[in-house]
Structure formats: structure tokens, C-alpha cells
Amino acid sequence: MKRLLFAALIGLPIAVGAQMKKADSSVHKGTGVVISIDRAGDKVTLKHDPIRSLNWPGMTMAFGVKDKAMLDKLAKGKKVEFEFVQQGQQFVITSIK
């Protein structure tokens, strides 16, 4: 039993690492509402609906933007559709309408 548990624990980081690599290369889609815009930090805070591809519930979070010109199209309270990718620990919007 101890060997089986040890083998399972040894494999856990490998499985988690594989899942993270998958997230790094995937494009995720979402819808949400603009809560705030941080032009100095090139970020937008969205209250988004669940993101199925990541098994995320709806939440409010800040996203970086690939191109800061995207921020000029946004306004507080605006409903948006967006696509984003994971870059390391950050989530970066690549498209927003």
C-alpha cells in the first residue's frame, strides 16, 4: 500500500506539469463585463462567466493584454467576448470584442 501511494505521489507533479503545459498552449474563450482598466499596467479586470476549458467558475480577475491598444476599445461596464492564453503564471487577452 505504501509503495502504491508513493508511486502515485511521484507521478502527481508529472501529471500537473503536463496539464500546465496544455494550458500554456491553449486559447481559451470567455465572456464578461469590464470592471476596471489599468492603462499604466496594461491590464483589464473582468467579471467573467465560467471558463469551461479551464474548469473555472465565474469570477473577477485581472488579465494582461497582448496589445495595449485593446484597452482603448474598452469602457467600464461594457460586456465583452474575449480570447486569452496562459503565459507562465499570467493570463493574457489576445482578442477582445
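Note that these values count all heavy atoms, side chains included, but never hydrogens, waters or copies made by symmetry. Residue indices begin at 1 and follow the sequence shown. None of the values given here were measured: they were computed from a predicted structure.
- Side-chain contact between His28 and Trp56 is absent, with no heavy-atom pair separated by less than 4.5 Å.
- Shown here are the side-chain contact (heavy atoms from CB on, under 4.5 Å) partners of Asp49, two or more places apart in sequence or in another chain: Thr31.
- Although no hydrogens or angles enter the test, the distance criterion places no donor-acceptor pair under 3.5 Å between the side chain of Gln87 and the main chain of Gln89.
- Residues Val34 and Met59 are members of one and the same hydrophobic cluster, defined by side-chain heavy-atom contacts under 4.5 angstrom among Ile, Leu, Val, Met, Phe, Trp and Tyr.
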Distance-only donor-acceptor pairs under 3.5 Å for side chains of residues 90-97, two or more places apart:
unit_1: Thr94; atom_1: OG1; unit_2: Glu83; atom_2: O; d: 3.4

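- Scored by the salt bridge (charged side-chain N to carboxylate O under 4.0 Å, His left out) test, Glu81 finds no partners at all (sequence neighbours excluded).
- By the side chain to side chain donor-acceptor pair (under 3.5 Å) test, Ser36 is found to be paired with Thr45, residues two or more places apart in sequence or in another chain being considered.
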message: Run the side-chain contact (heavy atoms from CB on, under 4.5 Å) test on Leu46 and Val80 for me, step by step, so that the C-alpha distance in whole Å, both residues' side-chain angles and the decisive distance to 0.1 Å come before the verdict.
response: CA-CA 9 Å; Leu46 301 175; Val80 294; 4.0 Å; yes
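- In this structure, Asp42 has no side chain to side chain donor-acceptor pair (under 3.5 Å) partners at least two apart in sequence or on a different chain.
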Side-chain donor/acceptor pairs under 3.5 Å, residues 62-79, sequence neighbours excluded:
unit_1: Asp67; atom_1: OD1; unit_2: Ala69; atom_2: N; d: 3.1
unit_1: Lys78; atom_1: NZ; unit_2: Lys73; atom_2: O; d: 3.0

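- Under the salt bridge (Lys or Arg N to Asp or Glu O under 4.0 Å) criterion, no residue pair touches residues 84-94, with sequence neighbours excluded.
- Follow the hydrophobic side-chain contacts under 4.5 Å out from Leu54 and you reach Val44 in the same cluster.
- At least one side-chain heavy atom of His48 sits under 4.5 Å from a side-chain heavy atom of Phe82.
- In this structure, Phe84 is a member of the same hydrophobic cluster as Met61, with clusters built from ILVMFWY side-chain heavy atoms closer than 4.5 Å.
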